[in-house]
Amino acid sequence: SQAPVASFSAAQTASPDFTIQFTDTSTNSPTGWTWDFDNNGTVDSTAKNPSFTFSGAGDFTVKHTASNSGGNSQPVTQTVHVAPPAPPASPLANFSSASAASPPFTVNFTDTSTGPPTSWAWDFDDDTITDSTAANPSHTFPGAATYPVTLTVSNASGTNSITKNVVVSAVASTITLNPTADAYVSSSSPTKNYAAYTDLKMLAFNGTYEYHPYFQFNVSGLSGAPTSAKLRLFATDGGTSGGNWFSPTGSWTETSLNWNNAPALTGSPFTTVGAVPLGQWVEIDVTAKITGNGVVTFASTNPTTDMVTYASRESANQPQLVITH
């Protein structure tokens with residue numbers, strides 16, 4: 001076979017800035033390669049298509065040879081230009097804020113500026129004095145009120161500022177509860193108990209039979225009605241309807257619940273849930289049904305023949321009642 005004729009191409013990668021990707025383009029099917037990236041007679045790589053990070057921007061002489069069973073190619077040299085990093089875009093200031101859980105009136109700030117910035121100056125009390133130079137600081141305000149907060153960001157290309165009114169209020173607490181009982185009932189097996197199942201079925205099959213899931217929670221820790229309450233369920237099988245939801249009265253126990261003794265689902269549902277995607281959490285607003293501490297039951301019917309199943313408390317993705325107060 002003939003010895004290769006060495007050649008190569010070089011392209012600067014986006015990151016890191018001084019890294020060059022080399023591609024062997026030699027002919028006659030080489031099986032070996034040597035690269036001398038700084039032209040000092042020392043082989044720096046024997047890979048076919050290596051990358052190399054240079055010390056900085058500039059022009060560098062790179063020597064390359066290729067070989068096969070027919071011999072070694074003549075060395076080929078090429079001047080490779082390594083460009084300096086492009087200057088950053090001018091920054092555009094922006095930020096978001098969220099109240100922290102503790103202590104009261106503490107707000108966490110997150111820089112969302114584009115550019116990207118390399119320095120930050122925060123003024124939390126509208127006095128033109130920088131209070132923090134952190135990218136994502138937190139600040140404790142003296143009380144509940146609305147405060148003008150200014151963020152100024154800079155990089156090598158410029159400076160930009162934004163002022164937003166940040167509302168600071170007493171921080172809400174959140175209670176997350178798992179059910180004390182759950183099961184589903186079946187009209188086709190009216191005396192059967194399905195408490196041990198990991199999936200709770202919900203189905204209306206052409207008026208022939210129905211499945212209704214029931215969830216029971218013991219709410220505690222409230223001093224009155226909450227500001228919000230969400231029933232969170234994980235869909236192990238999706239469908240076109242997440243159900244018509246009721247909050248029936250009447251006591252029941254998980255291990256004895258069946259179609260015949262389940263609390264009746266009568267009247268109008270307090271909410272209806274639309275299509276449910278498989279493998280996702282569904283949030284159902286039940287705020288109006290939580291008036292304080294005590295036992296509460298939620299149950300649903302399916303207005304379609306497309307069965308939906310929710311994970312039970314026997315599964316890894318237990319139902320949740322998330323209460324903010």
Next on the checklist: What verdict does the side-chain contact (heavy atoms from CB on, under 4.5 Å) test give for Gln216 and Thr253, after you've listed the backbone C-alpha separation in whole Å, the side-chain angles of each residue and the deciding distance to 0.1 Å?
Outcome noted: CA-CA 9 Å; Gln216 185 180 93; Thr253 59; over 6 Å; no

Checklist entry - How far apart are the C-alpha atoms of Val80 and Gln12, what are their side-chain angles, what is the distance that settles it, and do they pass the side-chain contact (heavy atoms from CB on, under 4.5 Å) test? => result CA-CA 9 Å; Val80 174; Gln12 189 162 356; over 6 Å; no

Next on the checklist: What verdict does the side-chain contact (heavy atoms from CB on, under 4.5 Å) test give for Tyr184 and Tyr310, after you've listed the backbone C-alpha separation in whole Å, the side-chain angles of each residue and the deciding distance to 0.1 Å?
Outcome noted: CA-CA 10 Å; Tyr184 75 92; Tyr310 294 116; over 6 Å; no

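Here the side chain of Thr227 pairs a donor or acceptor atom with the backbone of Thr324 at under 3.5 angstrom. A donor-acceptor distance shorter than 3.5 angstrom exists from the side chain of Asn193 to the backbone of Leu257, with no hydrogens or angles considered. Not one N or O on the side chain of Asn108 forms a donor-acceptor pair closer than 3.5 Å with the backbone of Ser138. At distances below 3.5 Å, not a single donor-acceptor pair connects side-chain atoms of Asn302 with backbone N or O atoms of Ala204. With Ser73 contributing its side chain and Ala66 its backbone, the two residues share a donor-acceptor pair below 3.5 Å. Remark: the backbone N or O of Gln2 is paired with a side-chain donor or acceptor of Asn68 at under 3.5 angstrom. Of the possible polar contacts, one joining the Tyr214 side chain to the Pro263 backbone as a donor-acceptor pair under 3.5 Å is found. Without hydrogens or angle criteria, Ser113 side chain to Asn94 main chain gives a donor-acceptor distance under 3.5 Å. Listed for the His64 side chain is a donor-acceptor partner under 3.5 Å among the backbone atoms of Thr34. Ser7 contributes a side-chain N or O that, together with a main-chain N or O of Thr25, makes up a donor-acceptor pair within less than 3.5 Å.
Between Phe8 and Trp33, the gap from one ring centroid to the other reaches at least 6.0 Å.
The closest side-chain donor-acceptor pair between Ser228 and Thr287, if any, does not fall under 3.5 angstrom. Between the side chains of Thr272 and Asn244, at least one donor N or O lies within less than 3.5 Å of an accepting N or O.
Annotation: side chain of Phe124 is in contact with side chain of Pro137 (closest heavy-atom distance under 4.5 Å).
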